[in-house]
Amino acid sequence: EYADDPRHARFVGEVVAAAVRRYGASPSAGDHIFVGASLGAVASLAAAWRLGGVGGLALLSGSFVTRLGGPTQRGPMFLPVIDFLARFRQDLRPPAPVVYQACGEYEGLAPDNRWFAEVLGETVERLHSREAPDGHHCHHWRDQLGPALALTVPGADPAIAG
């Protein structure tokens, strides 16, 4: 599901539609943000891309694996992610106008996140890309969530992102 599975995108679309019906959430995709960490960041990106875009994306320590091997000896289970990123690169439809991307500078995925920030910069209106002196874990994601929301929620004041 985390590597551009159409079933996941459909499910996310159904959840959003249910939130609109049941809770009165805005029906406009431009008012929605998707948030994900690690492989969840890949899933959030893929769902937004498949659904035609959202208002913002917060991608925390994304597993944007662009090659096998590397410091973590990533294996063939990441091939679907690599394939999705290649398709994304070939079809640079913006998944959101605003993207917040953060990763820990000590995680093995930092080089892949740096590469992917360049790719995102080619397609989105505003990219906020940050590296923190941290690793690939929930504390880093927790610490980045506030700035991510402040910079991606439509209408939020970016001054509170500090």
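As the structure is a prediction and not an experimental result, all values here were calculated from the model.
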Q: Quick one: do H136 and W141 satisfy side-chain contact (heavy atoms from CB on, under 4.5 Å)? Show the steps, please.
A: CA-CA 8 Å; H136 190 84; W141 307 331; 3.7 Å; yes
Q) L45 and F34: side-chain contact (heavy atoms from CB on, under 4.5 Å), yes or no, with the steps? A) CA-CA 8 Å; L45 171 70; F34 288 177; over 6 Å; no
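Of all heavy-atom pairs between L57 and T152, the closest is O-CG2, 3.3 Å. Here the closest heavy-atom approach between residue V54 and residue P97 is recorded as O-CD, 3.1 Å. Nearest approach of T123 to L92, heavy atoms of both residues: OG1-O, 2.9 Å. Taking each heavy atom of G104 and A110 in turn, the nearest pair found is O-CB, 3.7 Å. Between G135 and E107, the shortest heavy-atom distance links the atoms O-OE2, 3.5 Å. For the pair S44 and V35, the tightest heavy-atom approach, listed with the atom from each and the gap, is OG-O, 3.1 Å.
From E131, atom CD reaches atom CD of Q144 across 10.5 Å, with rounding to the nearest 0.5 Å. In this structure, the separation between CZ on R21 and CD on E14 is 9.0 Å, given to the nearest 0.5 Å. F78 CZ to F64 CZ: the interatomic distance, rounded to the nearest 0.5 Å, is 12.0 Å. With rounding to the nearest 0.5 Å, the separation of CZ in R89 from CH2 in W115 is 6.5 Å.
Residues V15 and L51 do not share a hydrophobic cluster, defined by chaining ILVMFWY side chains whose heavy atoms lie under 4.5 Å apart. Hydrophobic clustering (ILVMFWY, side-chain heavy atoms < 4.5 Å, transitive): V98 and L149 are in distinct clusters. Tracing side-chain contacts under 4.5 Å through hydrophobic residues (I, L, V, M, F, W, Y), one reaches V81 starting from M77; they form part of the same cluster. Under the 4.5 Å side-chain heavy-atom criterion for ILVMFWY residues, no single connected hydrophobic cluster contains both L39 and F11.
Remark: side-chain polar atoms of W49 are not paired, donor with acceptor, to backbone N or O of D4 under 3.5 angstrom. Of the possible polar contacts, one joining the N113 side chain to the L109 backbone as a donor-acceptor pair under 3.5 Å is found. Formation of a donor-acceptor pair under 3.5 Å by the H32 side chain with backbone atoms of S26 is found in this model. Not a single donor-acceptor pair under 3.5 Å links the side chain of S61 to the backbone N or O of A37. Judged by distance alone, the side chain of Q101 and the main-chain N or O of L127 form no donor-acceptor pair under 3.5 Å.
Crowding of R93 atom CZ: a count of heavy atoms from other residues, nucleotides or ligands under 6.0 Å exceeding 12.
Checked against the 6.0 Å centroid criterion, the rings of F116 and F88 qualify as a close aromatic pair.
A heavy-atom distance below 4.5 Å is not found between the side chains of D112 and S63. For the pair V124/P95, a side-chain contact is recorded, criterion being any heavy-atom separation below 4.5 Å from C-beta on.
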